[in-house]
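Let me begin by presenting the structure, written as structure tokens, before commenting on it.
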Amino acid sequence: MAERLDVLIVGAGFSGMYMLMKCREQGLKVQVIEAGSGVGGTWYWNRYPGARVDIQSLEYSFGFDEALERDWRWTERYAPQPELLAYANHVATRFDLSRDISFNTRVTAAHWDAAADGWTVTLDNGETRAARFVVMATGCLSVPTDVTFPGIDDYQGDVYRTSRWPHDGVDFTGKRVGIIGTGSSAIQSIPIIAAQAAQLTVFQRTPNYSMPAHNGPIPDADFQEWLADPRAYRARSRATVGGFWNEAREDAILIHTPPDEIKAELERRWAWGGFRILGAFADQALDPEANRVVHDFVAAKIRERVKDPRVAELLTPKDHPFATKRPCVDTGYYDTYNRDNVELLDLRADPLVSFTATGIQTQAASHDFDAVVLATGFDAMTGAIERIDIRGVGGETIKDHWAAGPETYLGLMVAGFPNLFLITGPGSPSVLTNMIHSIEQHVEYVADIIAALNASQAGRIEASPEAEKLWTDHCDQTAAMTLLPQANSWYMGANVPGKPRRFMAYAGGLHHYTDTCNAVKAKGWEGFVIARGDQLLSESREFTSYPPPPETMAPHLVEMAMGRVAKWLEAHGQPA
Ligand code: FAD
Ligand code: N01
């Protein structure tokens, strides 16, 4: 076996790349293992037409190095995938990262070796590596779901998955194309494919809410504001719920606002575009009545854009409140349905039966295609971690530990799995935020933990089961306060048959979460057990660093949120 590493990092997306840099700063012996042939993770794999960010690029980019920020110029408000991949490659070259990355290599197993206070990691090329720490930078949305369809192997046309798109691109000119799915990936690719193909048929099971990006060059005023003080710009984003600036009005209550003012505010935000609408009113994510008003506003926008009222109706979400799935940000999505070469099929009314040699058979008709695109989503948050055979203390697997849904301490560590860190793991704000800011916060925190352990010559750190339980309950209850668990979303694990239902991200906001992590550290790593061999160095089994109660929240919202928590406690067999 090769020389023991201090840190083995799995994944070379933005998380793994930054983790590598932070480890090097401490002079650690570190190696990254990456399944793909290059860096960039999400932006390496998802090369489908129209792929781009839903957070503005001035915010969705690394903020740890002002020289890097100033040297890179984004061309659009929402950068497209090729530019994001070029950015990842630029970072890798600038910081000479690739010499410590093994590409085209997959981690298949990681077993805790108690005698060595470290991990034995197995790779798909048959090699093993010993490492004191393992960092799972494996991505929240990196493993496509195993969705398949009867007869798909008999289909003689081409099948493409958005998340595994050919590197040379695909030319649909003159082709009849079908696309399954209407999540973010489909909503971004549909307008581009429709403009190229002879005919596009969209198979929709559930409509989603989508807001216009109004993409284009970065408005000069925004760029000048950023240029004046990038540090202040970043600090402003990081101090928000979602890690991006959306002018959130924490004291604006929709149901206390006159209708004309509501409309004016929503119109202003719709015209601005993207996620700005999420910050309009404090009650829209909590109160069904307020949420309904925003839903009605978006439904009217869909009717305005889509000429055929039947199609507009089909495109209007009905089964989940607004923004309880990650909302989509589009360029020309609804207008695409006004094209003569685009057809929307409703799989609820006419279910998909099977693929055939020439296309897709639904209950009512058969549809012939030259190519079919699967935009069917990801086994989110836990998928990449559970696909590795991770065995902790006593040989327990992480999959077994998470049999009832993922349980972590701060989304960072799992009890019984010492020295194993998760970047943006379940139980952290992760996918509810601008992920780059969540990644930076996690990577810097993990680097701090490793530095503290080394300074005290400790061998290992582990989340205590007690703290893990307290944090997981806190996550569940925080989600229960909101409308978020009401959607059958991938946040809930609802898109993967048999996956346990649990709201997997921390809904308390990136700002409160960061403060909580800092308080845990200030209390000498509250909730963690630190040891060297048989020697216990420090032990905390508590978690007392809860975020502050939302004092600015209107009384009726507190009542509503607390009512939902009481119900949650009742359902989980605990006294309210
Ligand atoms: P990833 O980028 O997913 O990288 C993980 C890497 O780990 C991958 O390269 C994978 O190959 C590797 N890996 C996994 N398992 C193994 C293994 N066993 N062995 C070896 N290697 C392994 N977030 C936002 O905040 N804003 C956005 O606009 C946005 N847009 C998105 C668009 C798409 C199409 C998708 C899918 C996600 C988007 N996200 C967005 C979320 C996005 O995943 C994060 O922003 C971010 O890129 C995640 O970086 P990461 O390094 O943590 O994970
Ligand atoms: O995946 P999804 P995605 N038969 O799960 C349908 C990020 N992202 O790749 O809802 C028929 O959202 C499924 O239908 P239903 C972002 O966080 C960001 O689009 O299960 N249909 C749904 O319509 C996003 O949320 C961007 O009824 C089937 C679709 O497939 C996340 O990644 C861009 C089916 C899957 O939608 C995931 O987005 C892309 C079946 N058997 C991704 N199985 C940005 O804009 C599934 N579906 C930045």
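For this chain, numbers begin at 1 and follow the sequence in order. Both counts, for ligands and for their atoms, begin at 1 and track the order of listing.
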With a cutoff of 4.0 Å, is [X] in contact with ligand 1, counting heavy atoms of the residue only?
X	answer
I55	yes
I436	no
R326	yes
D124	no

Could you tell me if the ring centre of Y60 sits under 6.0 Å from that of H437?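 When the ring centroids of Y60 and H437 are compared, they turn out to be at least 6.0 Å apart.
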Compute the centroid of each ring, for F355 and then for H367, and state whether the two points are separated by less than 6.0 Å.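 No; H367 has its ring centre 6.0 Å or more from that of F355.
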Side chains of [Y] and [X]: any donor to acceptor distance under 3.5 Å?
X	Y	value
E444	Y18	yes
T362	D350	yes
N488	R501	yes

Please state which protein non-hydrogen atom is closest to [atom] and give its distance, to 0.1 Å?
atom	answer
atom 33 (C) of ligand 2	Y48 OH, 3.2 Å
atom 23 (N) of ligand 1	M435 CG, 3.4 Å
atom 34 (C) of ligand 2	R205 NH2, 3.5 Å
atom 36 (C) of ligand 1	F378 CZ, 3.6 Å
atom 37 (C) of ligand 2	W490 NE1, 3.7 Å
atom 33 (C) of ligand 1	T42 CG2, 3.7 Å
atom 9 (O) of ligand 2	S185 OG, 2.7 Å
atom 15 (N) of ligand 1	T138 CG2, 3.5 Å
atom 47 (O) of ligand 1	Y60 OH, 3.1 Å
atom 22 (C) of ligand 2	T182 N, 3.9 Å
atom 26 (N) of ligand 1	D54 OD1, 3.1 Å
atom 7 (C) of ligand 2	L141 CD1, 3.8 Å
atom 4 (O) of ligand 1	G41 CA, 3.5 Å
atom 36 (O) of ligand 2	G183 CA, 3.5 Å
atom 17 (O) of ligand 2	R326 CD, 3.2 Å
atom 8 (C) of ligand 1	E34 OE1, 3.5 Å

Going by distance only, is there an N or O of [X] that falls short of 3.5 Å from an N or O of ligand 1?
X	answer
V107	yes
T424	no
S185	no
N46	no
Y48	no
V53	no
V10	no
S15	yes

Under 3.5 Å, N or O to N or O, is A375 touching ligand 2 that way?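 Between A375 and ligand 2 (N or O atoms, distance only) the closest approach is under 3.5 Å.
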Check this for me - ligand 2, Q188, N or O atoms closer than 3.5 angstrom, yes or no?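 Indeed, backbone or side chain, Q188 has an N or O that close.
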Quick one, R234 with S61, criterion side-chain hydrogen bond (donor to acceptor under 3.5 Å, both in side chains). Give me CA distance, side-chain angles, the key distance, then yes/no. CA-CA 10 Å; R234 294 280 178 195; S61 45; 3.0 Å; yes
Between E76 and P217, is there a side-chain heavy-atom distance shorter than 4.5 Å?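 A side-chain contact is absent here, since even the closest heavy-atom pair is not under 4.5 Å.
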Applying a 4.0 Å heavy-atom criterion (strictly less than), which segment of [X] is in contact with ligand 1: side chain, backbone, both, or neither?
X	value
F275	neither
I439	side chain
W43	side chain
Q81	neither
T162	neither
A137	backbone

Where does [X] meet ligand 2, judged by heavy-atom distances below 4.0 Å: at the side chain, the backbone, both, or neither?
X	value
Q204	neither
R348	side chain
A51	neither
V53	backbone
T376	both

Check whether more than 12 heavy atoms from other residues, nucleotides or ligands sit under 6.0 Å from atom CZ of R24, and answer yes or no.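 Yes, because the 6.0 Å sphere around CZ of R24 holds more than 12 heavy atoms from other groups.
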Among Y87, F62, W226, ring pair (Phe, Tyr, Trp, His ring centres under 6.0 Å) partner for W72: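 Single pass found, and it is Y87.
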Hey, does the Lys NZ or Arg CZ of [X] hover above the aromatic six-ring of [Y], less than 6.0 Å from the centre and inside 45° of the axis?
X	Y	answer
R176	F172	no
R269	W272	no
R52	W74	no

Would a search of protein heavy atoms around atom 39 (N) of ligand 1 find one under 4.0 Å away?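 Protein heavy atoms within 4.0 Å of atom 39 (N) of ligand 1 - there are none.
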Of the listed options [options], closest to [atom] (non-hydrogen atoms):
atom	options	value
atom 15 (P) of ligand 2	T148, T206, L432, I55	T206
atom 21 (N) of ligand 2	N495, T42, I180, D379	I180
atom 41 (N) of ligand 2	F149, F378, Y60	F149

Find all atoms of ligand 2 within a distance of less than 4.0 Å from any non-hydrogen atom belonging to G377, and give their numbers and elements.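 The atoms of ligand 2 under 4.0 Å from a heavy atom of G377 are 1 (O), 5 (O), 9 (O), 35 (C).
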Heavy-atom pair with the smallest gap, counting every atom of L510 and G243: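 The answer is CD2-CA, 3.7 Å.
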Considering only heavy atoms of I33, which atoms of ligand 1 have at least one such atom less than 4.0 Å away?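 So the answer, numbered in order with elements, is 20 (C), 21 (N).
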Numbered atoms of ligand 1 (with element) below 4.0 Å of S142, judged on heavy atoms: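 With S142 as reference, the close atoms of ligand 1 come out as 3 (O).
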Backbone N or O of F378 within a donor-acceptor pair of the N495 side chain at under 3.5 Å?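 Present.
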